[in-house]
Amino acid sequence: MARHLVTSALPYINGIKHLGNMVGSMLPADVYSRYLRRRGHDVLYICATDEHGTPAELAAKAAGLPVAEFCAQAHDAQKAVYDGFQLAFDHFGRSSSRQNAGITQHFARKLYENGFIEERAIRQVYSPVDGRFLPDRYVEGTCPHCGYDKARGDQCENCTRVLDPTDLLNPRSAISGSTELEARETTHLFLLQSRLQHEVEAWVARHEDQWPQLSSSIARKWLTEGLHDRAITRDLDWGVPVPADTWPELAAEGKVFYVWFDAPIEYIGATMEWSDAATGGETRDWKSWWYEADDTVHYTQFMAKDNVPFHTVMFPATELGVREPWKKVDVVKGFNWLTYYGGKFSTSQQRGIFTDAALETLPADYWRYFLIANAPESDDSSFTWEHFAATVNKDLADTLGNFVNRVLSFSRKRFGDEVPSGSPAGEPEARLGDEAARLLAEYEEHMEALQYRKAAAALRALWSAGNSYLEEKAPWLEIRTDPEAAALTLRTAMNLIHLYAIVSEPLIPASAAAMRGAFTLESDTATWVTAEQARSLAAVPAGTPFTVPPVLFAKITEDDLTAYRERFGGAGV
């Protein structure tokens, strides 16, 4: 059984992320990792904060803190939010780690040795007012492709085109706002991607059939337009230093590597951090996940579409160019945008619902389920409070939560605090078991294929099957004439609750734990449910003590909606 390496795009260090960031990378990676673990696979889920580049320096400047101190605080703040969402990272590292610095410098040296890095003198934006060169995000202006007037010097947030600061129209300094900019000559290292074009094309051709169309189409677009040599160093105070043993003059000038060069390498760096963090005699072998691992590791990456080019083209080019057997991605799961009432979520412009505020408003499972059930896979999807409330109320409160509460409450009222025995299972129970097995197989199929909306729909249908069974059997009527039949119905329904607890865990872990914890079983170590177990519905035998957990999901009322809209905004933006 192959081991599974899972990574999600590194969240920038410059502030708490919004729900669009969550659904576009970290949450689906967590759901998939949880699912794989429950199916018995060996899984390593790695992520980290992306701490280099201009976003970190600008955010630190705005906060009035040294950049190292700002990044340390921001890392802890982000990690606290991800803990609140129950993201089960094996390690959540930092791209400013010594491990990442070392492996990034190793990659650069190897690329240079192999003829894929060269020094070039270029003309770069310089601000006399600020007294410095202005790399990428230190320059803002109008995108030459779409006309967006707040484009940054590395990428347009509106149309996702990758840019150079000199491409911008009406450029201005992001530090001082000065438009008195000029071009001056300086020397940088360039990654010669053009020399790797054919190798990248061949690599993409071997793998793209496993990718969703969004990922493969973006990669193909970049390859069709042709790979360009790109500067991989910047004039910044914060970043992985250019090694002095290879480029002494550039090191003396204080050059650091471009954030998009070292950030993907941090997947390896963070795995090294995980390995070095082993305690108590535990041995963790980072290298077995990354080096000469093509036949033993299946690697899946998760990211929003703006990150796809860097992971399907640029980072593979880097890995190919070092001429060493580093593990390359097998599947790139790309996502479209989640919008807020049709407008873009934006960290830089503080528009939309941010993850810390989301957790202050409602428990994590509400958000986890809604985001996965409405994941922007084939197209952009829009968050509205009305849609959110309808999903929570119908799927979570009514379909699942109400089923759990009325089954357990009614059984305790009529039969006490143990699972009742009742009659042997009959034809309705056999039909229910077959339906549960069928829907479970459908759910598994979609999870394996990384089709999140379809997986959530199959899980919802599995929850609905319990309600249909309950309505068909009507134990509140059976109890009047045939208590043994009513007991059978409730025992079967309780087994469904236990099944739901196991298979719902990847999406709603806290609620799954509450459902499972309702039953006091002598041995309850199952991580998944087989088709045979789903058909038999007998994991919780008669006589098992149980409790009625607190209400799993409270309905969102009109008053709640009014309050949410007042706080976060509810009109189009």
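All values reported here derive from a predicted model rather than from experimental measurement. Along the sequence shown, the residues carry numbers beginning at 1.
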- Trace of the side-chain hydrogen bond (donor to acceptor under 3.5 Å, both in side chains) decision for Asn374 with Ser381: CA-CA 7 Å; Asn374 297 279; Ser381 61; over 6 Å; no
- Between Tyr341 and Phe383, ring centroids under 6.0 Å: no
- Message: With a 3.5 Å distance limit and no angle check, can you tell me whether Trp367 reaches the backbone of Leu362 through a side-chain donor-acceptor pair?
- Response: yes
- Value rounded to 0.5 Å, distance of CE in Met303 from CG in Leu10: 9.5 Å
- Lys333, Lys327, Lys328 screened by salt bridge (charged side-chain N to carboxylate O under 4.0 Å, His left out) with Asp330, the one that passes: Lys327
- Message: Within a 6.0 Å radius of atom CD on Gln213, are there more than 12 heavy atoms belonging to other residues, nucleotides or ligands?
- Response: no
- Task: Examine distances only and state if a side-chain atom of Asp417 and a backbone atom of Phe546 form a donor-acceptor pair shorter than 3.5 Å.
- Result: no
- Output for pair (Leu400 CG, Ser504 OG), nearest 0.5 Å, gives 6.0 Å
- Is it true that a side-chain atom of Thr312 and a backbone atom of Val308 form a donor plus acceptor pair closer than 3.5 Å? yes
- Note on the structure: Nearest heavy-atom approach of Gly426 to Leu488 is N-CD2, 4.4 Å
- So how far is it from Ile372 CD1 to Glu377 CD, rounded to the nearest 0.5 Å? 8.0 Å
- Minimal heavy-atom distance between His498 and Asp524, with the atoms involved, is NE2-OD1, 3.0 Å
- Using a strict 4.0 Å threshold on nitrogen-to-oxygen distance, state whether Glu435 and Arg431 make a salt bridge. no
- Query: In terms of side-chain heavy atoms, does Tyr45 have a donor or acceptor partner in Thr7 at a distance below 3.5 Å?
  - Reply: no
- Query: Short question: side chain of Ser411, backbone of Val407 - any donor-acceptor pair under 3.5 Å?
  - Reply: no
- Without swapping roles, check the side chain of Asp380 against the backbone of Asn336 for a donor-acceptor pair under 3.5 Å. no
- Would you say Ser275's side chain and Thr271's backbone share a donor-acceptor pair under 3.5 angstrom? no
- Considering all heavy atoms, the nearest His446-Ala458 contact: CD2-CB, 4.3 Å
- List the steps and the verdict of side-chain contact (heavy atoms from CB on, under 4.5 Å) for Val204 and Arg220. CA-CA 8 Å; Val204 168; Arg220 280 292 164 196; 4.1 Å; yes
- Between Asp434 and Arg438, does a salt bridge (charged side-chain N to carboxylate O under 4.0 Å, His left out) hold up when you go through it step by step? CA-CA 6 Å; Asp434 288 341; Arg438 183 187 69 79; over 6 Å; no
- Message: Check for me whether the distance between the ring centres of His75 and Phe92 falls short of 6.0 Å.
- Response: yes
- Task: Evaluate the criterion side-chain hydrogen bond (donor to acceptor under 3.5 Å, both in side chains) for residue pair Gln301 and Tyr267; output intermediate values, then yes/no.
- Result: CA-CA 10 Å; Gln301 293 176 338; Tyr267 297 132; 5.2 Å; no
- Query: Less than 6.0 Å separating the ring centroids of Tyr299 and Trp289?
  - Reply: no
- Message: Taking the basic N atoms (NZ, or NE/NH1/NH2) and the acidic carboxylate oxygens, is any pair closer than 4.0 Å for Arg406 and Glu471?
- Response: yes
- Item | Chi angles and distances behind the side-chain hydrogen bond (donor to acceptor under 3.5 Å, both in side chains) call for Asp559, Thr562 | CA-CA 5 Å; Asp559 287 344; Thr562 299; 5.2 Å; no
- Item | Close aromatic pair by centroid cut-off 6.0 Å: His18 and Tyr340 | no
- Heavy-atom count around Glu532 CD within 6.0 Å, excluding the residue itself: above 12? no
- Task: Over all heavy atoms of both residues, which pair between Gln99 and Gly269 is shortest? Give the atoms and the distance, please.
- Result: CB-O, 3.7 Å
- Item | Check: Glu273/Ser97 side-chain N/O donor and acceptor closer than 3.5 Å | yes
- Task: Among Arg37, Arg34, Arg3, Arg284, find the residue that satisfies the salt bridge (charged side-chain N to carboxylate O under 4.0 Å, His left out) test when tested with Asp90.
- Result: Arg37
- Task: Identify whether the distance between the nearest side-chain nitrogen and carboxylate oxygen of Glu292 and Lys287 falls below 4.0 Å.
- Result: no
- Message: Working note: Asp50 + Arg94, criterion salt bridge (charged side-chain N to carboxylate O under 4.0 Å, His left out); need CA distance, chi angles, decisive distance, verdict.
- Response: CA-CA 7 Å; Asp50 184 1; Arg94 302 180 60 186; over 6 Å; no
- Task: Grab the two heavy atoms, one from Trp290 and one from Leu5, that are nearest each other, plus how far apart they are.
- Result: CZ2-CD2, 3.6 Å
- Least distance between heavy atoms, Ala88 atom then Asp30 atom: N-OD1, 2.6 Å
- Task: Please report the C-alpha distance between Leu432 and Thr492 in whole Å, then the side-chain angles of each, then the deciding distance to 0.1 Å, and finally whether the side-chain contact (heavy atoms from CB on, under 4.5 Å) criterion is met.
- Result: CA-CA 9 Å; Leu432 175 63; Thr492 303; 3.7 Å; yes
- When rounded to the nearest 0.5 angstrom, what is the spacing between CG in Asn402 and NZ in Lys555? 8.0 Å
- Query: Could you state the interatomic distance from CD1 (Ile508) to CG (Leu396), rounded to the nearest 0.5 Å?
  - Reply: 6.0 Å
- Task: Output yes when Arg414 and Glu478 qualify as a salt bridge under the 4.0 Å nitrogen-oxygen rule, no when they do not.
- Result: no
- Task: Verify the ring-centre separation between Tyr32 and Tyr452: is it less than 6.0 angstrom?
- Result: no
- Item | Step-by-step salt bridge (charged side-chain N to carboxylate O under 4.0 Å, His left out) determination, Glu429 to Arg535 | CA-CA 8 Å; Glu429 288 70 38; Arg535 288 190 180 90; over 6 Å; no
- Item | Name of the residue among Phe403, Tyr369, Tyr443 meeting ring pair (Phe, Tyr, Trp, His ring centres under 6.0 Å) with Trp463 | Tyr369
- Aromatic centroids of Tyr291 and Trp326 separated by under 6.0 Å: yes
- Go through the steps for Trp528 and Glu444 under the test side-chain hydrogen bond (donor to acceptor under 3.5 Å, both in side chains), then give the verdict. CA-CA 11 Å; Trp528 202 248; Glu444 292 170 349; 2.7 Å; yes
- Message: Would the distance check show the side chain of Ser216 and the main-chain N or O of Trp211 forming a donor-acceptor pair, the cut-off being under 3.5 Å?
- Response: no
- Message: If I take atom CZ from residue Phe302 and atom CZ from residue Phe335, how far apart are they, to the nearest 0.5 angstrom?
- Response: 6.5 Å
- Task: Answer yes or no: is there a donor N or O on one side and an acceptor on the other, between the side chain of Arg368 and the main chain of Leu507, under 3.5 Å?
- Result: yes
- So, the side chain of Asn307 versus the backbone of Ala9: is there a donor-acceptor pair under 3.5 Å, distance only? no
- Sidechain-backbone polar pair: Lys17 side chain, Gly15 backbone, donor-acceptor under 3.5 Å: yes
- Query: Heavy-atom count around Glu558 CD within 6.0 Å, excluding the residue itself: above 12?
  - Reply: no
